[in-house]
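Before any comments, here is the structure.
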Amino acid sequence: MTGIDAIGRGRFTPQKQEHFSVFFRQYVDVWKAVAGKNWWVDKTMTVLDITAGSGTHPETGKPGSPLIIMNTLEEKGVPYQAFFIEKDRENFEKLSTTLHKYHPQCAGEIIMRCGDHVEVLPQLVSEHINLNPQPLGLLYYDFTTQDFDRSFRCIAD
């Protein structure tokens with residue numbers, strides 16, 4: 001690892017990914033318990049990664065957030081709908097290749113878009129997320145830019 005910030009990752013990304021992996025595994029267990037006990041909850045978990053990157057960390061080769069998400073959902077047998085947004089075209093193409101390599105059976109549950117998440121996220125929500133029954137899931141945003149305010153407003157809206 002070089003410790004240099006780059007598009008889609010920073011010097012702390014490997015540590016954040018390790019923490020995210022632990023958190024997400026626990027989160028899925030909680031989601032399963034809540035979805036199982038409440039009739040009003042959609043039984044398909046909705047997961048969005050709005051700065052998905054290439055799927056793996058280039059310097060370490062370790063899984064990035066999209067693979068952490070997919071590996072965990074598949075391992076725990078949770079029905080899901082996953083959305084991955086990546087702005088950088090090269091990272092997006094690598095992400096597509098990586099997801100199809102490791103999770104080829106999941107094409108129907110994964111929706112990917114290349115573009116600015118502030119522009120793409122509202123479109124995905126309006127086109128693909130049904131609000132009845134109530135969806136429960138996770139929106140993952142690993143920001144490494146100075147664009148936090150703009151992104152936060154989009155997520156809040």
Side-chain angles (χ1 to χ4, degrees), residues 1-35 44-122 124-125 128-129 135-156:
M1 181 170 70
T2 63
I4 299 172
D5 292 341
I7 293 175
R9 66 188 182 280
R11 68 192 82 209
F12 300 110
T13 296
Q15 184 178 16
K16 286 190 285 186
Q17 297 296 1
E18 287 179 29
H19 293 167
F20 175 64
S21 180
V22 171
F23 165 80
F24 190 63
R25 291 181 63 75
Q26 293 171 343
Y27 182 84
V28 170
D29 289 339
V30 170
W31 179 91
K32 286 171 69 173
V34 171
T44 300
M45 184 180 206
T46 301
V47 182
L48 302 99
D49 184 345
I50 65 172
T51 52
S54 65
T56 59
H57 193 283
E59 285 89 20
T60 67
K62 291 185 177 182
S65 52
L67 281 182
I68 292 168
I69 289 167
M70 295 304 300
N71 293 345
T72 303
L73 292 172
E74 292 293 313
E75 174 189 324
K76 293 192 174 273
V78 173
Y80 62 87
Q81 186 174 29
F83 301 90
F84 298 104
I85 303 171
E86 173 52 40
K87 185 176 184 176
D88 180 76
R89 173 59 65 182
E90 185 177 337
N91 278 346
F92 179 80
E93 290 170 4
K94 289 178 184 176
L95 174 63
S96 179
T97 300
T98 299
L99 287 175
H100 285 96
K101 176 180 177 181
Y102 292 103
H103 296 280
Q105 74 283 9
C106 302
E109 292 89 12
I110 298 174
I111 296 173
M112 297 177 46
R113 295 290 186 270
C114 184
D116 181 346
H117 61 272
V118 170
E119 297 169 9
V120 175
L121 182 60
L124 284 178
V125 170
H128 296 285
I129 297 180
L136 290 181
L138 181 86
L139 186 147
Y140 181 69
Y141 173 44
D142 179 8
F143 65 95
T144 57
T145 68
Q146 300 299 321
D147 204 17
F148 180 78
D149 289 337
R150 179 176 163 266
S151 297
F152 188 73
R153 282 192 302 276
C154 171
I155 293 166

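With contacts defined as side-chain heavy-atom distances shorter than 4.5 Å, the pair Y141/L48 does not qualify. Put simply, the side chain of F24 reaches to within 4.5 Å of the side chain of V47, judged on heavy atoms. Counting only heavy atoms from C-beta outward, the side chains of P66 and L95 approach each other to under 4.5 Å. Within the 4.5 Å cutoff, no side-chain heavy atoms of P63 are placed close to those of Q17. In this structure, D142 and F20 have side chains that are not in contact, with every pair of non-hydrogen atoms separated by 4.5 Å or more. Using a 4.5 Å cut-off on side-chain heavy atoms (C-beta onward), L121 and L139 make contact.
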- Query: Stepwise, does the side chain to side chain contact (heavy atoms under 4.5 Å, CB included) test hold for M70 with I110?
  - Reply: CA-CA 9 Å; M70 295 304 300; I110 298 174; 3.7 Å; yes

- Task: Please step through side chain to side chain contact (heavy atoms under 4.5 Å, CB included) for the pair F83 and I129, ending with a clear verdict.
- Result: CA-CA 10 Å; F83 301 90; I129 297 180; 4.0 Å; yes

- Item | Full working for side chain to side chain contact (heavy atoms under 4.5 Å, CB included) between E74 and H103 | CA-CA 9 Å; E74 292 293 313; H103 296 280; 3.6 Å; yes

- Message: K94 vs E86, test: salt bridge (Lys or Arg N to Asp or Glu O under 4.0 Å). Steps then yes/no.
- Response: CA-CA 10 Å; K94 289 178 184 176; E86 173 52 40; over 6 Å; no

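Here the straight-line distance linking atom OH of Y140 with atom OH of Y27 works out to 14.5 Å at 0.5 Å rounding. For the atom pair C114 SG and E93 CD, the distance stands at 7.5 Å (nearest 0.5 Å). Between atom CD1 of residue I155 and atom CD1 of residue I50 there is a gap of 4.0 Å, rounded to the nearest 0.5 Å. Note that the OG1 atom of T46 and the CD atom of Q81 stand 6.0 Å from one another [nearest 0.5 Å]. Taken to the nearest 0.5 Å, the CG atom of D88 stands 12.5 Å off from the CG atom of D116.
The minimum heavy-atom distance linking L99 with L67 is given by the pair CD2-CD2, 4.2 Å. Nearest heavy-atom pair, T98 versus S54, reported as atom, atom and distance to 0.1 Å: OG1-O, 3.6 Å. Across all non-hydrogen atoms, the minimal contact from T60 to P14 is CG2-CG, 4.5 Å. Here the closest non-hydrogen pair linking F84 and A82 is CE1-CB, 3.7 Å. Heavy-atom minimum distance, W31 versus T44: CZ2-C, 3.7 Å.
No hydrogens or angles considered: nothing links the side chains of H117 and T51 as a donor-acceptor pair under 3.5 Å.
Counting only distance, with no hydrogens or angles, the side chain of H128 and the backbone of L124 share no donor-acceptor pair below 3.5 Å. Judged by distance alone, the side chain of K32 and the main-chain N or O of K76 form a donor-acceptor pair under 3.5 Å. In this structure, the side chain of T72 engages the main chain of I68 through a donor-acceptor pair within 3.5 Å.
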